[in-house]
Structure formats: structure tokens, C-alpha cells
Amino acid sequence: MDLEFDQQHVWHPYTSTLNPLPCYPVESAEGVYLKLEDGREIIDGMSSWWSTIHGYNHPELNQAAKNQLDKMSHVMFGGITHQPAVELCRKLVDMTPEPLQHVFLADSGSVAVEVSLKMALQYWHAKGERRPKFLTVKHGYHGDTFAAMSVTDPNNSMHSLYKGFLPEHIFAQSPECPFNGEWNEDDVLDFKHKLEANHSEIAAVIIEPIVQGAGGMRIYHPTFLKRVRELCDQYGILLIADEIATGFGRTGKLFACEHAEISPDIMCIGKALTGGYMTLSATLATKHVADTVCSGEAGCFMHGPTFMGNPLACAVANASLELLQKGHWHQQVADIEKQLAESLPEIGKLEKVKDVRWLGAIGVVELHEPVNMAEIQKAFVDNGVWIRPFGTLVYIMPPFIIKPQELSRLTLAILRTLQ
Ligand SMILES: *Cc1c(COP(=O)(O)O)cnc(C)c1O
């Protein structure tokens, strides 16, 4: 592979063109292993950013893609429908909380978030109210497109760079009570005050249920989410749950909302939807939201991506959801969680470690100081694992199929590298 061309011409995520860090060429992947061009096989601790839950090169997912490829890889979705999309939407309506009945398919997580925000705005417009604001919490992450970024943590996503263009929304203090800790009502006070003070302007609350992902890998108390739902109900404000990272079993529940036994008005999903095979996302809405949106001036929801409902992506998503429906993920994620609970506290004793936490198939090691990316990345690869930290966070969310000895190699590599 021409790595020099890559360095000089290919933009990688959040990477400088002036001083690009080295990239590792992957030739193929199988199960939990990435095979590098130099022949080394390393264990993927990231599931390619939350997505590859069943592992790479999965025979059933491969077959689903091949079967669909021979029928049609794509056809427009305006005025046309097809079996892979209908089947997928039926599965999603069945799997998600009961009130969510209408499915809007889109291309990526960020677009699913854009769609959810537009739905909320059109909802209020149809009701004859001007509600231009969204309320969220700090340390959230909802994507990199503009509206999604506008509800992402203002410091992490450097809102200052886009001042004057980026809409300004309302940020409450992020939840502090940890998932398994004691609940303290004060935790939700700032959120409550901001909601009360601005409720007549707020279209919706958007939040990642239970786990704040890319904004800090924070795992918070389910009661916070319960209170958010109660407050939204009290003021008649819509609740958008961004389950793009947490959906499909990652936190030990099929959807993280279930930890708090709540149901949102709108839900965004993506990432693991196709088992990590290709990009696809969806925004689900209740019948009330969908019908209200479409009762307004436009008479429809004003969005329609070119590749909406891409049959190839839908077919693979159907195969991925069928694997989930077999139910093995439940035990797999529980086993991963148990093993993380046994191995992470040891890492937590290291001096440079500030905190360790875990939930389901997510393990987080938070350091006092940010890592040296180039050094630590090389150390991990030399230890036979793929773990990509950011800032002070070294974290893993492996494929559900990972074996105990492979997971041990991930946590041992973290221990050794930080020692
Ligand atoms: C990754 C992510 C997104 C954005 O998804 P993309 O597919 O990268 O656009 C949005 N919300 C959450 C919670 C995410 O983790």
C-alpha cells in the first residue's frame, strides 16, 4: 500500500495534513482480528467505533450482502419500496420501545440526528408554535454535521470555530451520579432549572441514554434519564434518545433507554445497525410525532436522502438483527461485563489512572493526563491489540463474539502499556 500517498493526500478523521500521525494498513479482517499488511494480526478492541458487534467477515452477513447484490444494490426510495427496507422497518418497530412506530431511514448517525431535530422543529411548527431551541447536557456527542454538532459538547467540538453560523442551544450540567452509585436529586437540578426557565422556547431534549460516548465515555445513573423523561412530559417537550452508540445490546440492554424503563418520542440509531458492514441509520418516531409533523404546512416530513433505504445496507442490517434476535448477545455482553469488572480495577490502581468504569461491553480507563497518541498507538499494536484512545480516555468496546482470552489480551495490553 502506498502509505506516502496516504499521508500526503488522504484525510483521516480528526487528522492534520501538516503533521499526520502514521496510519496502520489493514489488509483484511476476520472475527475479532484485523490483519495488518505486514502479516500481524491484532485484536480489535473498538469494533470499528461501536459497529462490528458480530465480528468481521461474518458468513451470514456476507451472504446477505451477496444475495442482495445479485438482485439490486440500490433503487430510489421515492415512490418505490422493496422487501429489505420493509422487513428492516418491521424489525425495528418490533425491537424498539412500543410507542415508536414510524421509521425514517438515512445514511449515517449524524444524518439520523439531523432528521430527529428537523422532526422536532416541524412538529412545533405544525402546532403553530415557535420553538427554536434544543436542550441537552454537557459532554454529549451527537455527530459532526452542523445541527448535530450544535447539540454536541461546545468545548469538545470547538463551537468557537463556527461562531455566528452554528445555532446556539442550551446546555445543562452533565449527569455526575455514576450508573451504580447512589442517586442524588441534585444531579438533575441544573437540567430542571434550564428546562423550567426556557421551556416555551424548547422544541426537544436530546440526550444519549446512560452512556455519553465520544464526549467523555461517562456512564450515568438511570434515574437521571427517568427524571429527564418526567420533566419532558410535565412540560410537553419531546425527548430524543440518541442510541446510535448504545443501541443493539452494547450496554447489556437491547437499547440503553431500557435501563431507565423509559421510552423516547424520537430515537436515533446507527453504528451497529448493519453489524458494521456499511453505513445506515434510522430515526424512529411515535405515531403522534409523525402524524403531527405531517399535519403541518409542508404536509410531509421535509427530508429525502438519495441513498435512503439502500437495499444492500438494509439486507445486511436484516441479517445482523436476525443474529441479535437469536439472543446470544445477552450472555456474550454479560460475560464481557463480568470480565471487565474483574480486570479493570487492577488497572485502576495505577498512579496515572484517575478512574475505571464499565457497563455491558464497554470498558473505560480515564487517565489524569492525555495520552501521547503516536506512542501509545504503536505500543498497543506491538502488544497485538487495536485500541484507539482519545485525550485522557483509553476505552474498549469489543465485538460481542470476543473470547475470554482475547478480552484478557486487550485488558493486559492496557495494563502493560500504562505501567
Ligand atoms: C457516532 C455517533 C453519532 C454520529 O454518527 P456518524 O455515523 O459518525 O455520523 C451520533 N451520535 C452518537 C451518540 C454517536 O456515537
Side-chain angles (χ1 to χ4, degrees), residues 11-15 46-53 96 104-120 134 136-154 156-157 169 171 174-175 204-220 224-225 228 239-251 253-257 259 264 266-284 303 305-308 310 313-314 316-317 320 359-362 364 388-391 393 395-397:
W11 231 315
H12 287 269
Y14 291 97
T15 295
M46 309 302 291
S47 297
S48 280
W49 279 337
W50 311 87
S51 65
T52 334
I53 51 177
T96 54
F104 190 97
L105 297 168
D107 323 60
S108 71
S110 299
V111 175
V113 170
E114 299 283 324
V115 162
S116 72
L117 302 175
K118 282 175 74 174
M119 274 181 190
F134 291 94
T136 186
V137 289
K138 290 182 186 165
H139 293 108
Y141 179 78
H142 298 286
D144 287 348
T145 52
F146 272 105
M149 190 169 55
S150 75
V151 287
T152 287
D153 187 89
N156 286 344
S157 61
H169 295 300
F171 288 86
S174 46
V205 167
I206 179 165
I207 192 164
E208 294 155 280
I210 307 302
V211 180
Q212 295 187 290
M217 298 302 295
R218 306 166 92 255
I219 307 171
Y220 67 86
F224 188 94
L225 191 56
V228 166
L239 175 59
I240 303 169
D242 180 349
E243 291 259 11
I244 290 166
T246 49
F248 305 109
R250 179 57 66 183
T251 69
K253 303 278 187 191
L254 197 50
F255 295 98
C257 281
H259 289 288
I266 300 175
M267 185 162 115
C268 305
I269 52 178
K271 290 199 162 105
L273 177 56
T274 62
Y277 265 51
M278 52 193 94
T279 180
L280 181 70
S281 68
T283 307
L284 287 96
H303 206 95
T306 304
F307 285 96
M308 185 168 183
N310 176 253
C314 289
V316 178
S320 176
L359 179 69
I362 307 167
V364 186
R388 185 154 173 91
F390 66 81
L393 296 164
Y395 62 107
I396 51 175
M397 56 274 194

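All values below come from the heavy atoms of this structure, side chains included, with hydrogens, waters and symmetry mates left out. Both counts, for ligands and for their atoms, begin at 1 and track the order of listing.
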Quiz prompt | Qualifying residues under salt bridge (Lys or Arg N to Asp or Glu O under 4.0 Å), relative to Arg218, sequence neighbours excluded | solution = Glu176
Quiz prompt | With sequence neighbours excluded, residues passing ring pair (Phe, Tyr, Trp, His ring centres under 6.0 Å) with His303 | solution = Phe104
Quiz item: Who passes side chain to side chain donor-acceptor pair (under 3.5 Å) against Thr96, sequence neighbours left out?
Solution: none
Quiz item: Side chain of Thr283, backbone of Ala112: donor and acceptor closer than 3.5 Å?
Solution: yes
Exercise. At a heavy-atom distance under 4.0 Å, which protein residues reach ligand 1? Sort them by chain and number, would you?
Key: Ser108, Gly109, Ser110, Tyr141, His142, Gly143, Glu208, Asp242, Ile244, Ala245, Lys271
Self-check item: Criterion ring pair (Phe, Tyr, Trp, His ring centres under 6.0 Å) against Phe390, the qualifying member of Tyr395, Trp49, Tyr14
Solution: Tyr395
Quiz item: In Å and rounded to the nearest 0.5 Å, what is the CE to CG distance from Met267 to Leu239?
Solution: 11.5 Å
